[in-house]
Amino acid sequence: MELRQIQYFVTVAEVLNFGRAAEQLGIGQPGVSQQIARLERELDVLLFDRSARAIRLTEAGQRFLPAARAVLASVESARAAAIGEARTLRLGTSTGLGERLETVVAELSSQDLHVDLVSTSTRARLDRVRSGQLDAAFVRGLDEAAGLEFVPVWEDDLLISLPATVAEGPEVELKDLRDLPLRITQRRTNPPLVDLVMSACAAAGFEPVLGPRSSSLQDTHAAIGAGSPSWTVIYESHARLLREGRVVFRRPRPRLALTTSLAVPAGTTVGGDLAVLLEACRKASDQFE
């Protein structure tokens, strides 16, 4: 088994097209096909189903893909170590990670691990982890998806953002917010968050009246502080970075929280840079204990 065969296999597996894979690799398509066929003979399995018009991975190919990616990652890590180059971890991020993300990045940097942060939608983050474009990604409220594994790293508490003029005490009962409009993102943008808040309100005996939506949390807070009284939710880790003023943050009763996990390719072993990342997440979680 040669390294180039593994590289060719991973490239074809990601684009599921021999021609496009050959273009990416900068070689002729016959060379790619020949090397993968040789790899299949050496492994004594078929890695691709070529019976249909579009190729697809066989079960053996699906099992082999995460191991093949791990081999390429190990080779790249060894190369970087040999020339004294900092290793790079490609990490998908989500809004509202706040202090926790700062701690994670600082811890990784202390281990000579450069972090390439990519902020995009949940679906895009998962697709990029699945395709190998990202090494891991933070996601909230999800615990399964095809081709991925989810490693829980902490619980993200939500706080209530509301006008300082109506806030009384360090906590707020959800039922006491029934007469205030709720400013929250559309469900298609963040299903776990919206479902959590709406279900909690229903359990408290009311269905919130939805207020106008803003394009950002900053704009939402500006509207809450300056306009008619309303409320929204904010992750505690994000709230810690903001200064209270016309808008203040209060803990809800009952508690609202979403599990944050790291999405990694299925079959990934906990070692190397992933182990360093998980330790950094543990330290970030300990901040809120």
Do Asp116 and Arg90 sit within salt-bridge range, that is, some charged N less than 4.0 Å from a carboxylate O?
-> no

Side chain to side chain donor-acceptor pair (under 3.5 Å) against Glu42, all qualifying residues, sequence neighbours excluded = none

Within one Ile-Leu-Val-Met-Phe-Trp-Tyr cluster: Val233 and Leu217, side-chain cutoff 4.5 Å | no

same_hphob_cluster(Val45, Leu39) at 4.5 Å side-chain heavy-atom cutoff = yes

Sorted by chain and number, sequence neighbours left out, salt bridge (Lys or Arg N to Asp or Glu O under 4.0 Å) with Glu155 holds for none

Joint cluster assignment, Leu274 & Leu134, ILVMFWY side-chain distance < 4.5 Å | no

Do Lys283 and Asp286 sit within salt-bridge range, that is, some charged N less than 4.0 Å from a carboxylate O?
-> no

CA sep, side-chain torsions, deciding dist, call: Leu91, Val118, side-chain contact (heavy atoms from CB on, under 4.5 Å) | CA-CA 6 Å; Leu91 183 61; Val118 178; over 6 Å; no

Find out if a path of hydrophobic residues (ILVMFWY) with successive side-chain heavy-atom gaps under 4.5 Å connects Ile234 to Ile160.
-> no

Any ring pair (Phe, Tyr, Trp, His ring centres under 6.0 Å) pairs touching residues 2-59, not counting sequence neighbours?
-> Phe9-Phe48, Phe9-Phe64, Phe18-Phe48

Verify side-chain contact (heavy atoms from CB on, under 4.5 Å) between Ile27 and Val32, making sure each step is shown before the conclusion.
-> CA-CA 8 Å; Ile27 61 175; Val32 175; 3.4 Å; yes

Residues forming a side chain to side chain donor-acceptor pair (under 3.5 Å) with Glu279, sequence neighbours excluded = Arg282

Only counting residues at least two apart or in another chain, list the ones meeting side-chain contact (heavy atoms from CB on, under 4.5 Å) with Gln24.
-> Thr11, Val15

side-chain hydrogen bond (donor to acceptor under 3.5 Å, both in side chains) evaluation trace for Thr259 with Arg140 | CA-CA 6 Å; Thr259 298; Arg140 293 190 183 95; over 6 Å; no

Do you know the tightest heavy-atom contact between Leu142 and Phe150?
-> O-CD2, 3.8 Å

Answer yes or no: does atom CZ of Arg246 have more than 12 heavy-atom neighbours from other residues, nucleotides or ligands under 6.0 Å?
-> no

Compare every heavy atom of Ser161 with every heavy atom of Ile224, then report the nearest pair and how far apart it is.
-> CD1-O, 4.1 Å

Can you name the side-chain contact (heavy atoms from CB on, under 4.5 Å) partners of Thr95, sequence neighbours left out?
-> none

Ring pair (Phe, Tyr, Trp, His ring centres under 6.0 Å) against His221, all qualifying residues, sequence neighbours excluded | Phe249

Set of residues satisfying salt bridge (Lys or Arg N to Asp or Glu O under 4.0 Å) with respect to Asp195, sequence neighbours excluded = Arg187

Check whether Leu47 and Leu16 end up in the same hydrophobic cluster, where Ile, Leu, Val, Met, Phe, Trp and Tyr are linked by side-chain heavy atoms less than 4.5 Å apart.
-> yes

With a distance cut-off below 6.0 Å to the six-membered ring centre and an angular limit of 45° from the axis, does Arg183 pair with Trp231 as a cation-pi contact?
-> no

Charged N-O contact under 4.0 Å between Glu2 and Arg4 | yes

Is the shortest distance from a Lys or Arg side-chain nitrogen in Arg251 or Glu171 to a carboxylate oxygen in the other one below 4.0 Å?
-> no

Assess whether atom CZ of Arg50 is packed by more than 12 heavy atoms of other residues, nucleotides or ligands within 6.0 Å.
-> yes

Among Asp157, Leu158, Thr260, Leu159, whose side-chain contact (heavy atoms from CB on, under 4.5 Å) with Tyr235 holds?
-> Leu158

Give the intermediate values and the outcome of side-chain contact (heavy atoms from CB on, under 4.5 Å) for residues Leu65 and Val10.
-> CA-CA 7 Å; Leu65 181 57; Val10 170; 4.2 Å; yes

More than 12 heavy atoms of other groups within 6.0 Å of Glu244 CD | yes

Can you tell me if Arg125 uses its side chain to pair, donor with acceptor, with the backbone of Phe138 under 3.5 Å?
-> yes

For Leu162 and Val247, run side-chain contact (heavy atoms from CB on, under 4.5 Å): C-alpha distance rounded to whole Å, both residues' side-chain angles, the deciding distance at 0.1 Å, then the answer.
-> CA-CA 5 Å; Leu162 71 168; Val247 175; over 6 Å; no

Under the salt bridge (Lys or Arg N to Asp or Glu O under 4.0 Å) test, which residues partner Arg128, sequence neighbours left out?
-> none

The side-chain contact (heavy atoms from CB on, under 4.5 Å) partners of Thr103 (sequence neighbours excluded) come to Glu107, Ala284, Gln287

For Leu113 and Thr88, which heavy atoms make the closest approach, and how far apart are they?
-> CD1-N, 4.2 Å

Taken in chain and number order and not counting sequence neighbours, the residues that satisfy side chain to side chain donor-acceptor pair (under 3.5 Å) with Thr165 are none

Taking side chain to side chain donor-acceptor pair (under 3.5 Å) as the test, write out the residues that go with Arg188, two or more places apart.
-> Gln186

